[in-house]
Colleague: 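Take this structure first; my questions come after.
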2 protein chains.
Amino acid sequence: MAVLFDKVAIIGIGHIGSSLARVIKRDGLAGRLVTLDSNSLHRAKALELGIVDAATDDVAEAVGDADLVVLATPVGTYADLAAAIAPHLKQGAIVSDVGSVKMAVLRDVGPHLPEGVSFVPGHPIAGTEHSGPTAGFAELFQGRWCILTPPGGTAQAAVDKVRAMWESAGSTVEIMEAAHHDRVLAITSHLPHLIAYTIVGTATDLETTLQQEVIKFSASGFRDFTRIAASDPVMWRDIFLNNREAVLEVLQRFTEDLTALQRAIRWGEGDKLEELFSRTRAIRRSIIDAKQA
Amino acid sequence: MAVLFDKVAIIGIGHIGSSLARVIKRDGLAGRLVTLDSNSLHRAKALELGIVDAATDDVAEAVGDADLVVLATPVGTYADLAAAIAPHLKQGAIVSDVGSVKMAVLRDVGPHLPEGVSFVPGHPIAGTEHSGPTAGFAELFQGRWCILTPPGGTAQAAVDKVRAMWESAGSTVEIMEAAHHDRVLAITSHLPHLIAYTIVGTATDLETTLQQEVIKFSASGFRDFTRIAASDPVMWRDIFLNNREAVLEVLQRFTEDLTALQRAIRWGEGDKLEELFSRTRAIRRSIIDAKQA
Ligand SMILES: NC(=O)c1ccc[n+]([C@@H]2O[C@H](COP(=O)([O-])OP(=O)(O)OC[C@H]3O[C@@H](n4cnc5c(N)ncnc54)[C@H](OP(=O)(O)O)[C@@H]3O)[C@@H](O)[C@H]2O)c1
Ligand SMILES: NC(=O)c1ccc[n+]([C@@H]2O[C@H](COP(=O)([O-])OP(=O)(O)OC[C@H]3O[C@@H](n4cnc5c(N)ncnc54)[C@H](OP(=O)(O)O)[C@@H]3O)[C@@H](O)[C@H]2O)c1
């Protein structure tokens, strides 16, 4: 692939940032790739792995002259980071990100960006429960979706360049309203994580012997939840704090449905249980058909 | 391995029954292996696969002369099946099962069994979301646990033979009180399934366009729940109806914890969220250490 950007700066060289860095290196998308990260171990690791040309904790050095700046830290850090990078952005630069919520990103980053800088927020629908630069890999985005939520009036050329980068990563790009993104992800991602954290938390409150048995016999279903509930605490704290309304709304629906099911179990209403359990199978089939399984 | 039983009868040649049949054939554990199944397609398939010597819908033919009879149908069918097989059981026969609940099995099967027949209920902690004889495979039980819950006074020789069969399948056998089994499994298996069914059910109630997007972007967490929620509806209906008290008790704890989390999100209490999300990571590590991941 041809060089898309003379200089790219990735802020946060963790699981997602380092995966993107690997793609940019592999495909030669940038003339020069620099990372800004507050974690000196991660900076050293990124250099050792050869996935960036330079690693710094100096904002001016990282984003000065950059054609593309990608925020890849927990979304709670975005407001301060945006304020810090803004004075160093060059005219014509593109600012993007990989955060799991999008309304809050428009709110926290948008107002800081100077005239002449394009803003193309993004969210790759890919990731694991692991963190840090060693957890990254270039194939992470292959065959996955990447959602972009550029605010109205964003230069088309800027959107096209960010799109080209994600397509090079093997993703299919979808343009969406930020509010809609947050509603969809509240269902597909934020609620599942909240539920998984809760059920694993419930298990950690059990007496010690019972808890040991839960670990022992986890293969019967529980195990799948523990993988999700092993995701990064700070990242997920920031997601829930920054997509509050959409999460609370879908949580309300979920709680109503759970209460109905609880009642069906209490009163021995087998038909209701079987009907729901049959309905949910169809969704699995759709996911397999959509090749997302 | 040496022949453990001259004749074995497996009632229900589905996912679990056919996996056990494959083990018995592979290891030569039975002189003769017969299945009783109400589904003629499954009987034909089992014969075609060569995993049983005979397949019938005649109770006397199946269990007459059998040294071991294993129930491997949904637990809601057990009471009627026990009544039907009882008159045909020979003296010294062992009756076992693979059902996912154990108190209800003692209640439904125990009273029907004549003097001179041993009862060794069992539950292999292994399985997938698939059903039927083609979904079975001999390695399913390898490296997994199998819990046996023989009632007090069961002949040790009978327990030892059933244990030997599961050890041949590659499982580690654990003896447990039925009530304790049901409490542990309510947490590790039944609650996770209930939650997964609920969340996928909540998604099926969304408007069509939103639902399509949920399928499209399922890789962000939701997907893992759909696999669990694709499990057999009848089997799971029977599990919830037959482990009602333990499931309702643990569901109550879960709901309290979820409400607390909901409140923390509503009031922006980031510390509480981060504290819980950090605590749940430890359980995942224990599961990996216990080699159940
Ligand atoms: N993981 C996923 O599955 C996934 C999927 C899609 C999108 N996302 C989004 O991607 C972003 C990053 O997630 P991740 O999983 O890649 O996290 P990660 O592995 O923890 O990486 C974040 C990196 O940024 C550093 N950092 C944190 N605060 C910083 C700051 N103020 N300035 C500079 N560097 C800072 C971190 O250092 P420390 O480790 O010392 O904090 C770490 O090196 C999040 O916004 C998340 O919502 C994640
Ligand atoms: N699947 C798991 O993950 C798992 C794990 C551990 C334990 N278990 C337990 O194993 C048992 C069987 O589950 P499975 O997944 O193997 O189910 P399955 O694949 O649906 O197999 C059950 C078989 O029994 C047949 N059957 C149903 N009712 C019958 C009756 N009254 N008389 C004779 N045959 C009958 C079924 O025919 P039809 O298909 O026509 O109904 C099917 O061939 C259940 O008690 C379950 O709790 C399951």
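Heavy-atom basis, side chains included; hydrogens, waters and symmetry copies ignored. In the text below, chain A, chain B and the rest are named by the order of the sequence lines, each starting its count at 1.
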Colleague: At a 4.5 Å cut-off on heavy atoms, which part of A:Ile265 comes close to chain B: side chain, backbone, both, or neither?
Modeller: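 Contact with chain B involves both backbone and side-chain atoms of A:Ile265.
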Colleague: Based on non-hydrogen pairs under 4.5 Å, which of A:Leu194, A:Ile288, A:Thr198 is most in contact with chain B?
Modeller: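 The residue among A:Leu194, A:Ile288, A:Thr198 with the greatest pair count is A:Thr198.
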Colleague: Given a strict heavy-atom distance threshold of 4.5 Å, which part of A:Met235 is in contact with chain B: side chain, backbone, both, or neither?
Modeller: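 Nothing of A:Met235, per the 4.5 Å heavy-atom cut-off to chain B.
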Colleague: Could you tell me which portion of B:Asp289 (side chain, backbone, both or neither) has an atom closer than 4.5 angstrom to a non-hydrogen atom of chain A?
Modeller: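 B:Asp289 has no heavy atom closer than 4.5 Å to chain A.
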Colleague: Taking side chain as everything from C-beta outward and backbone as N, CA, C, O, which of these in A:Ser231 sits under 4.5 Å from a heavy atom of chain B? Side chain, backbone, both or neither.
Modeller: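 Contact with chain B involves the backbone of A:Ser231 alone.
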Colleague: For the residue pair A:Tyr197 and B:Leu273, establish whether any side-chain heavy-atom pair is separated by less than 4.5 Å.
Modeller: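 No; the side chains remain at least 4.5 Å from each other.
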Colleague: Is there a donor-acceptor contact under 3.5 Å linking the side chains of B:Thr202 and A:Asp257?
Modeller: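 A donor-acceptor contact under 3.5 Å links the two side chains.
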Colleague: Do B:Phe240 and A:Leu261 pass the side chain to side chain contact (heavy atoms under 4.5 Å, CB included) test, and can you show the C-alpha distance, the side-chain angles, and the key distance before you say yes or no?
Modeller: CA-CA 10 Å; B:Phe240 291 117; A:Leu261 213 49; over 6 Å; no
Colleague: Nearest 0.5 angstrom please: A:His123 NE2 to B:Phe217 CZ, how far?
Modeller: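 Between atom NE2 of A:His123 and atom CZ of B:Phe217 there are 10.0 Å.
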Colleague: Mark yes or no for whether A:Trp236, through its side chain, and B:Phe277, through its backbone, hold a donor-acceptor pair below 3.5 Å.
Modeller: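 No, A:Trp236 side chain to B:Phe277 backbone: no donor-acceptor pair under 3.5 Å.
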Colleague: So which of B:Glu274, B:Glu275, B:Glu269 actually passes side chain to side chain contact (heavy atoms under 4.5 Å, CB included) with A:Arg237?
Modeller: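 Answer to the side chain to side chain contact (heavy atoms under 4.5 Å, CB included) test with A:Arg237 among B:Glu274, B:Glu275, B:Glu269: B:Glu274.
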Colleague: Is there side-chain contact between B:Phe225 and A:Ile195, with heavy atoms separated by less than 4.5 Å?
Modeller: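 SC-SC contact between B:Phe225 and A:Ile195 confirmed.
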Colleague: Evaluate the side-chain proximity of A:Arg227 to B:Ile287: yes if any heavy-atom separation is below 4.5 Å, no if none is.
Modeller: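 When only atoms from C-beta onward are counted, A:Arg227 and B:Ile287 do not touch, as no gap falls below 4.5 Å.
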Colleague: Which of the residues B:Ile228, B:Leu248, B:Leu191, B:Asp271 is involved in the greatest number of heavy-atom pairs with chain A at under 4.5 angstrom?
Modeller: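 The answer is B:Leu248.
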Colleague: Would you say that A:Arg284 contacts B:Arg223 through its side chain, given a criterion of any heavy-atom pair below 4.5 Å between the two side chains?
Modeller: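 Yes, side chains in contact.
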Colleague: For A:Arg183, is it the side chain, the backbone, both or neither that has a heavy atom under 4.5 Å from a heavy atom of chain B?
Modeller: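 Just its side chain gets close to chain B.
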Colleague: Does a sphere of radius 6.0 Å around CZ in A:Arg107 hold more than 12 heavy atoms from other residues, nucleotides or ligands, not counting ones at 6.0 Å or beyond?
Modeller: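 Yes, the 6.0 Å shell around CZ holds more than 12 heavy atoms from other groups.
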Colleague: So which of B:His190, B:Glu174, B:Glu245 has the biggest tally of heavy-atom pairs under 4.5 Å with chain A?
Modeller: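 Most heavy-atom pairs within the cutoff with chain A belong to B:Glu174.
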Colleague: Is the shortest side-chain heavy-atom distance between A:Thr280 and B:Thr226 below 4.5 Å?
Modeller: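 A side-chain contact is absent here, since even the closest heavy-atom pair is not under 4.5 Å.
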Colleague: Count the heavy-atom pairs under 4.5 Å between each of A:Leu258, A:Val184, A:Thr255 and chain B, then report the option with the highest count.
Modeller: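 Highest number of heavy-atom pairs under 4.5 Å: A:Leu258.
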Colleague: Name the option with the most non-hydrogen atom pairs under 4.5 Å to chain B; the candidates are A:Glu129, A:Gln211, A:His180.
Modeller: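 Winner by heavy-atom pair count: A:His180.
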Colleague: Is the shortest side-chain heavy-atom distance between A:Ser220 and B:Ile125 below 4.5 Å?
Modeller: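 They are in contact (side-chain heavy atoms under 4.5 Å apart), so the answer is yes.
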Colleague: For a 4.5 angstrom cut-off between non-hydrogen side-chain atoms, does A:Pro192 reach B:Ile199?
Modeller: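 Yes. Closest side-chain heavy atoms under 4.5 Å.
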Colleague: What part of A:Ile187 gets within 4.5 angstrom of chain B, counting heavy atoms only: side chain, backbone, both, or neither?
Modeller: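 Both the backbone and the side chain of A:Ile187 come within 4.5 Å of chain B.
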Colleague: Identify which of B:Arg253, B:Glu256, B:Lys272 forms the greatest number of heavy-atom pairs closer than 4.5 Å to chain A.
Modeller: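 Heavy-atom pair counts peak at B:Arg253.
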Colleague: Which region of A:Asp238, side chain (C-beta onward) or backbone (N, CA, C, O), has a non-hydrogen atom less than 4.5 Å from a non-hydrogen atom of chain B, or is it both or neither?
Modeller: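 A:Asp238 has no heavy atom closer than 4.5 Å to chain B.
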Colleague: If you tally heavy-atom pairs under 4.5 Å against chain B, which of A:Thr259, A:Leu185, A:Ile147 wins?
Modeller: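 So the answer, after comparing A:Thr259, A:Leu185, A:Ile147, is A:Ile147.
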Colleague: Would you mind telling me which of B:Gly268, B:Ala260, B:Ala290 has the largest number of heavy-atom pairs within less than 4.5 Å of chain A?
Modeller: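 Winner by heavy-atom pair count: B:Gly268.
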Colleague: Please flag which part of A:Lys216 lies under 4.5 Å from any non-hydrogen atom of chain B: side chain, backbone, both or neither.
Modeller: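 Contact with chain B involves both backbone and side-chain atoms of A:Lys216.
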Colleague: List the steps and the verdict of side chain to side chain contact (heavy atoms under 4.5 Å, CB included) for A:Ile215 and B:Thr188.
Modeller: CA-CA 8 Å; A:Ile215 289 164; B:Thr188 58; over 6 Å; no
Colleague: Hey, does A:Gln262 have a side-chain heavy atom less than 4.5 Å from the side chain of B:Gln252?
Modeller: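 Yes - at least one pair of side-chain heavy atoms lies under 4.5 Å apart.
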Colleague: Just so I understand: if I count every heavy-atom pair under 4.5 Å between each of B:Gly221, B:Gly201, B:Ala196, B:Ser100 and chain A, which residue has the most?
Modeller: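 Most pairs with chain A among the choices: B:Gly221.
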